[in-house]
Amino acid sequence: MPELPEVETIVRGLSPDLPGRTIEAVRVLRPDVLRQPPRAFSAELTGRTFDSVSRRGKNIVARLKGDTVLVVNLGMTGRLLLLPEKGPETTHPAVRFTLDTGRQLVFDDVRRFGVLEVLSVSEWTTRSRRLGPEPLSPTYTARTLSAGLTESVSPIRSWLLDQRRLVGVGNIYANEALHVAGIHPRRPAKSITGGEARGLHRALRRTLRQAIANRGTTLRDYRDATGVPGENAAALRVYGRAGNPCPRCSTMIERIVFGNRSAFLCPECQPYDPGEQPSGEQP
DNA sequence: AGTGTATCCTGCAGGC
DNA sequence: TGCCTGCAGGATACAC
C-alpha cells in the first residue's frame, strides 16, 4: 500500500521530532509483525536514542545511537504514528514505543503484512545493497533505466514492482507512470525502446514527485505520521478507475489482471502493439 | 536465472 | 438484514 511517496511523507513527518528521543518502553502486542522474539526485540531497543530517520525504497529506516537500526516496512495497511501522550487509541496496534517525552510511537496494522526489524548497521547495509536504485536519485538516469530493461522479458509493470531492479514503486505508481508514458503494462521490458524508456523515466519521476507534493495517496488505510490522509487520490489517472474515461482521450479505462494483481490502462493511449489497433485481449 | 502463482491477514463493498 | 464472493497499496516461498 504505502509506496515511495507515502513512506517519504511519513519520514518527513518523523524527522523533526524523533531524533534525540529515547525509547523508554516497548510493548509488542502482535508478535507476528516481528522477525525475532519479542523479548529480544524489546531488549535491543529499550533505552536507546534515535539518531535519524530516513527512507530506502518503501522502508522507514530509523538509526539509533550505538550499532542499531530499526527498519519498518508498512506492508499493505501499516501505519507509523507519533501520537501525543494521551492520544486516541489506534484500531490495530501491533507495537507501541513510549518515548522520553511521554509521546507514543505506534505501529498499527490491520492486516499485519508489515514488518519491524532490528538490525546492526552492517546487516542493514548488506540488505540495502540488495535493493535497486532510488528512482528520484540524481544518479538514476533514463540511461540507467533503459539499460536495466534490456535483459528482461518480464512485463514492464512486473519489472517496475521488483524492488531489486528499482525501489519504491508499487502498483499505484507503476500503473500511473505507464499511462503517462503511453506504455501497455504487459509489454516485455526488453521491448521498450530507448525513446519510450526516456518517457517512462520522466513519467516515473513526475508521478512520484507529484504524489509527494500531495502527501501521498490515501485509498483507504494510508495515514501520515500524525494520522492525516494524503491528497493524491484525486490526481490518479487510471489506477482504480476502470470504466471511467481516460483523462487524455476519454476512451474507457480497462482493468486486466496478471501477476495476481490488477493493472489499469487506456487501450487507446497504451496499445500493446504500437501501430496496430489495440484489441484488449493479449495472449 | 527469471517468472508467475499462491499465501500470509482483515475489512469492506457489492450482489442476491 | 445477512450471507457470500471478490478485492486491496506488499513481500516472499515455491514450482516451472
Side-chain angles (χ1 to χ4, degrees), chain A residues 1-10 29-35 55-60 71-80 90-95 107-117 127-128 130-132 135 148-179 185-191 204 207-208 210-212 214-224 229-243 254-264 282-283:
Chain A
M1 118 155 162
E3 306 180 27
L4 186 155
E6 291 74 36
V7 176
E8 181 66 24
T9 302
I10 291 168
L29 297 95
R30 308 292 295 209
D32 55 355
V33 302
L34 306 181
R35 290 264 172 90
R55 180 188 61 72
R56 175 81 172 100
K58 302 174 190 171
N59 299 291
I60 299 163
V71 182
V72 179
N73 186 293
L74 299 169
M76 294 278 253
T77 54
R79 300 175 180 180
L80 193 58
T90 62
T91 54
H92 297 78
V95 179
F107 177 69
D108 185 278
D109 190 355
V110 174
R111 294 173 72 182
R112 300 197 305 285
F113 290 172
V115 175
L116 279 73
E117 270 181 290
R127 182 86 63 86
S128 181
R130 289 200 287 263
L131 296 172
L149 296 174
T150 55
E151 337 117 30
S152 174
V153 298
S154 175
I156 183 63
R157 199 278 310 261
S158 306
W159 192 99
L160 290 169
L161 295 185
D162 187 340
Q163 302 296 298
R164 293 168 303 186
R165 309 193 197 266
L166 176 68
V167 293
V169 178
N171 205 25
I172 293 179
Y173 301 114
N175 279 282
E176 292 296 297
L178 287 169
H179 180 264
R186 207 155 190 164
R187 291 261 310 275
K190 64 197 298 186
S191 78
L204 275 169
T207 302
L208 294 171
Q210 175 205 31
I212 293 171
N214 288 334
R215 306 182 51 78
T217 300
T218 296
L219 298 178
R220 172 178 298 161
D221 300 291
Y222 165 70
R223 295 293 184 278
D224 74 8
E231 305 286 340
N232 195 62
L236 298 182
R237 304 156 60 103
V238 290
Y239 184 86
R241 300 184 47 78
E254 287 181 1
R255 170 181 175 265
I256 61 176
V257 179
F258 62 95
N260 259 0
R261 318 193 64 172
S262 295
F264 299 89
Q282 299 304 334

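The chains referred to below are lettered A, B, ... by the order of the sequence lines, with proteins before strands, and numbering in each begins at 1. Every value quoted in this text rests on a predicted model; they were computed, and no experiment measured them.
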| task | Could you check whether A/Asn73 gets within reach of a base, just the sugar-phosphate, or nothing at all, counting any heavy atom under 4.0 Å? | result | sugar-phosphate
| field | Rounded distance (Å) that lies between atom P of C/dA11 and atom CZ of A/Arg35 | value | 11 Å
| Under the side-chain hydrogen bond (donor to acceptor under 3.5 Å, both in side chains) test, which residues partner A/Arg164, sequence neighbours left out? | A/Asp162
| query | Residues in side-chain hydrogen bond (donor to acceptor under 3.5 Å, both in side chains) with A/Ser154, at least two apart? | reply | none
| query | side-chain hydrogen bond (donor to acceptor under 3.5 Å, both in side chains) with A/Ser128: which residues, sequence neighbours excluded? | reply | A/Arg56
| query | CD1 of A/Ile172 versus P of C/dG10: gap in Å, rounded? | reply | 7 Å
| Nearest-Å distance for atom pair CH2/P, residues A/Trp159 and B/dG4 | 14 Å
| remark: In whole angstroms, the gap separating P of C/dA11 from CZ of A/Arg165 amounts to 15 Å
| field | Separation of the C1' atoms in B/dT3 and C/dG9, to the nearest angstrom | value | 22 Å
| In whole angstrom, what separates A/Lys190's NZ from B/dG2's P? | 12 Å
| field | Contact state string [nucleotides 8-16 of chain B, B base, S sugar-phosphate only, - no protein heavy atom under 4.0 Å] | value | BBBBS----
| query | Base, sugar-phosphate, or nothing for A/Val115, non-hydrogen atoms under 4.0 angstrom? | reply | nothing
| request: Could you walk me through whether A/Val72 and A/Asn59 pass side chain to side chain contact (heavy atoms under 4.5 Å, CB included), step by step? | output: CA-CA 6 Å; A/Val72 179; A/Asn59 299 291; over 6 Å; no
| What does A/Ser152 touch in the nucleic acid at a heavy-atom separation under 4.0 angstrom: a base, only the sugar-phosphate, or nothing? | sugar-phosphate
| request: Please state how far atom CD in A/Glu3 lies from atom C1' in C/dG10, giving the value in whole angstrom units. | output: 9 Å
| query | What integer distance in Å separates A/Met76:CE from B/dT7:P? | reply | 16 Å
| Can you name the residues that form a side chain to side chain contact (heavy atoms under 4.5 Å, CB included) with A/Val110, not counting sequence neighbours? | A/Thr77, A/His92
| message | Test of understanding: with ring-ring contact (aromatic ring centres under 6.0 Å, His included), list the residues that count as partners of A/Phe264, not counting sequence neighbours. | response | A/Tyr239
| Atom pair distance, as rounded to whole Å: CZ in A/Arg130 and C1' in C/dA11 | 14 Å
| query | Any side-chain N or O of A/Asn171 under 4.0 Å from OP1/OP2 of C/dG9? | reply | yes
| message | Could you work out, with side chain to side chain contact (heavy atoms under 4.5 Å, CB included) as the rule, every residue matching A/Phe113, not counting sequence neighbours? | response | A/Met76, A/Arg111
| Residue list, side-chain hydrogen bond (donor to acceptor under 3.5 Å, both in side chains) with A/Arg127, at least two apart or on another chain | A/Glu117
| said: Is there a side-chain contact between A/Arg261 and the phosphate of C/dG9, meaning an N or O under 4.0 Å from OP1 or OP2? | reply: yes
| Closer than 4.0 Å, any side-chain N/O of A/Lys58 to the OP1 or OP2 of C/dG9? | no
| If we take the C1' atom in both C/dA11 and B/dC12, what is their distance in whole Å? | 23 Å
| said: Nearest 0.5 Å, please: how far is OG in A/Ser262 from CD1 in A/Ile256? | reply: 9.5 Å
| Residue from A/Glu6, A/Gln163, A/Glu8 passing side-chain contact (heavy atoms from CB on, under 4.5 Å) with A/Lys58 | A/Gln163
| Once Watson-Crick and G-U wobble pairs under 3.5 Å are found, how is DNA chain B written in dot-bracket notation, 5' to 3', with | for any base paired to another strand? | .|||||||.|||||||
| message | Between A/Tyr239 and C/dG9, is there a contact of a side-chain N or O with OP1 or OP2 at under 4.0 Å? | response | yes
| message | From the set C/dA8, B/dT5, C/dG9, return the single nucleotide nearest to any side-chain atom of A/Asn260. | response | B/dT5
